[in-house]
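Written out below as structure tokens is the structure these notes cover.
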Amino acid sequence: MKILIKNGRLIDPACNLDGLRDLLVENGKISQVSNNIKADADKTIEAKAMIVMPGMVDMHVHLREPGREDKETIASGTRAALKGGVTSVLAMPNTLPAIDSVDNIRLLKDIIKKTAHANVLIAGSITKGRQGKELTDIAQLKDEGMVAISDDGSSVDNKELMLKALKDAKKHRVLVVCHCEDKALMNKGVVNLGIISTRLGLRGVSKESEYTRIKRDIELAEKADSPLHIAHLSCKESVELIAKAKKKGIKVTAETAPHYFSLTEEAVLGYDANMKVNPPLRTKEDASAIRGGLADGTIDAIASDHAPHTENEKDIEFERAEFGVIGLETMLAVSITELIQTGLLDWPGLVKKVVLNPAKILGINKGTLCVGSDADLIVVSPDKEWLVQKDGLVSKSKNSAFLGRRLKGVVEYTICNGRIAYPFINHT
Ligand code: DOR
Ligand code: ZN
């Protein structure tokens with residue numbers, strides 16, 4: 001299949017590309033990038049006034065399969081990804097069962113092979129059953145294609161175990177992704193600790209619970225001389241710790257999610273459980289520090305932390321509701337609206353955060369428009385506005401923190417592995 005994209009603004013900092021060009025896709029690969037390509041294509045896309053960029057690499061996604069297919073499946077989650085402009089996702093291992101053994105990873109690989117609509121990369125858990133007691137066999141799981149390990153949803157409390165995990169991961173060249181949270185300091189909190197938690201009469205989560213664990217894991221990474229990736233930064237102190245570690249030459253990278261740079265704890269004032277996330281939404285000052293970290297390069301990546309939950313688990317009392325929000329379909333538009341429109345990042349800067357850096361951190365061969373690479377790319381109308389509504393979301397769960405919000409930026413086409421994968425042709 002040949003797809004010709006005409007007159008778009010092509011952006012890919014990996015090959016120093018930012019300008020009006022045509023692009024040709026042939027047999028799953030990008031075969032030409034230049035001015036005025038003439039080709040006998042099966043499909044021609046007129047992309048005047050549109051952005052053409054590599055498909056996003058979302059390195060923090062919960063697809064819930066196996067085990068919680070009522071929340072999301074590989075099929076529904078990857079369709080949501082395509083609609084949002086994401087062509088590769090890292091699937092988190094807090095499934096039922098957890099991805100902690102060869103049998104379980106084979107089961108997941110089989111589901112992916114049969115039902116995925118986009119590229120799904122696999123994270124295995126650090127410890128068996130994510131219980132924090134016994135390490136998984138990283139060598140075996142890596143042989144099965146796992147690219148990262150994480151006990152996401154919780155942190156490994158045992159320091160020695162974590163150090164060993166970092167050393168093993170380094171040996172097998174697998175990325176360690178840390179959900180940094182000290183359970184003891186969490187105090188069973190459900191919102192940020194402060195005036196708002198007091199006013200609402202809800203238990204608060206201190207910022208210490210996040211940054212003391214980041215501090216510990218950075219120290220362990222330094223000791224092990226191993227790369228370490230910190231998931232979902234939410235507060236100022238965490239940004240400062242990452243900046244300091246990077247300055248020292250420690251191999252640490254970090255991501256944040258759109259809700260941490262666009263929302264604050266005030267969003268929970270209406271007891272809306274769609275604002276309940278872990279870590280919690282923090283203060284204005286924290287959100288501003290997160291934006292600062294994105295702008296100055298301290299925070300390498302933006303990931304959705306797409307965390308689908310059913311209505312039964314969300315539309316209940318705030319304390320009892322699950323933590324998490326969906327994000328695959330809104331990540332790009334929230335980023336455009338909050339980071340590009342405000343002048344905090346330019347387009348190449350955003351492409352680095354959502355494509356280039358995550359691909360680099362994961363060590364995968366994806367995320368570029370360079371000739372010869374896999375044809376994973378998106379065509380975006382950057383100024384087109386849309387309203388986030390439950391009905392329009394293709395994810396199986398509708399727990400978005402942005403329902404009712406007008407956002408800028410519409411994904412017009414997603415090309416995944418050389419095929420037009422979105423707009424969807426048939427419903428599966
Ligand atoms: O809000 C969250 N939801 N944070 C996490 O770390 C886990 C995630 C989930 O799996 O629902
Ligand atoms: Zn997490």
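First listed ligand is number 1; within each ligand, the first listed atom is number 1. The analysis underlying the following values was restricted to heavy atoms, covering all of them including side chains, and did not include hydrogens, waters or symmetry mates.
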Item checked: Non-hydrogen atom of His232 closer than 4.0 Å to ligand 1 ->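 True for this residue.
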Checklist line | Ionic contact status for Arg213 with Asp157, cut-off 4.0 Å | finding: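 Judged by the 4.0 Å cut-off on N to carboxylate O distance, Asp157 and Arg213 do form a salt bridge.
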Part of [X] with heavy atoms under 4.0 Å of ligand 1, whether side chain, backbone, both or neither:
| X | answer |
| --- | --- |
| Val325 | neither |
| His309 | side chain |
| His179 | side chain |

Next item on the list: Provide the atom name of the closest N, O or S atom of Asp152 relative to the Zn ion (ligand 2).
Entry: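 Output for this pair reads OD1.
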Return the residue, atom name and 0.1 Å-rounded distance of the protein heavy atom closest to [atom].
| atom | value |
| --- | --- |
| atom 9 (C) of ligand 1 | Arg64 NH2, 3.4 Å |
| atom 3 (N) of ligand 1 | Phe323 O, 3.2 Å |
| atom 1 (O) of ligand 1 | Asn278 N, 3.0 Å |

Check: With no hydrogens and no angle check, do the side chains of Thr310 and Asn312 hold a donor and an acceptor under 3.5 Å apart?
Finding: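 No.
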Checklist line | No-hydrogen, no-angle side-chain donor-acceptor test under 3.5 Å, Asn417 and Asn119 | finding: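 Yes.
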Next item on the list: Give the ring-plane orientation class for His232 versus His179, where under 30° counts as parallel, over 60° as perpendicular and anything between as tilted.
Entry: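 Rings of His232 and His179: perpendicular, over 60°.
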Item checked: Nearest-0.5 Å distance, NZ of residue Lys167 to NZ of residue Lys171 ->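 The NZ atom of Lys167 sits 11.5 Å away from the NZ atom of Lys171.
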Item checked: OG-NE2 distance between Ser397 and His309, expressed to the nearest 0.5 angstrom ->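 It is 8.0 Å, given to the nearest 0.5 Å.
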Margin query: Just checking: His179, one of its N/O/S atoms, less than 2.8 Å away from the Zn ion (ligand 2), yes or no?
Written below: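 Yes - counting backbone and side chain alike, His179 has an N, O or S atom under 2.8 Å.
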Note to self: At less than 2.8 Å, would any N/O/S atom of Asp305, backbone or side chain, sit next to the Zn ion (ligand 2)?
What the structure shows: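 Given the 2.8 Å cut-off, Asp305 does not count as a ligand of the Zn ion (ligand 2).
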Note to self: Minimum heavy-atom separation for Asp286 and Ser234, please, with both atom names.
What the structure shows: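 Looking at all heavy atoms of both residues, the shortest contact is CB-O, 3.7 Å.
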Note to self: Using a 4.0 Å cut-off to any heavy atom of Ala307, which atoms of ligand 1 qualify?
What the structure shows: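 This gives 3 (N), 8 (C), 9 (C), 11 (O) as the contact atoms.
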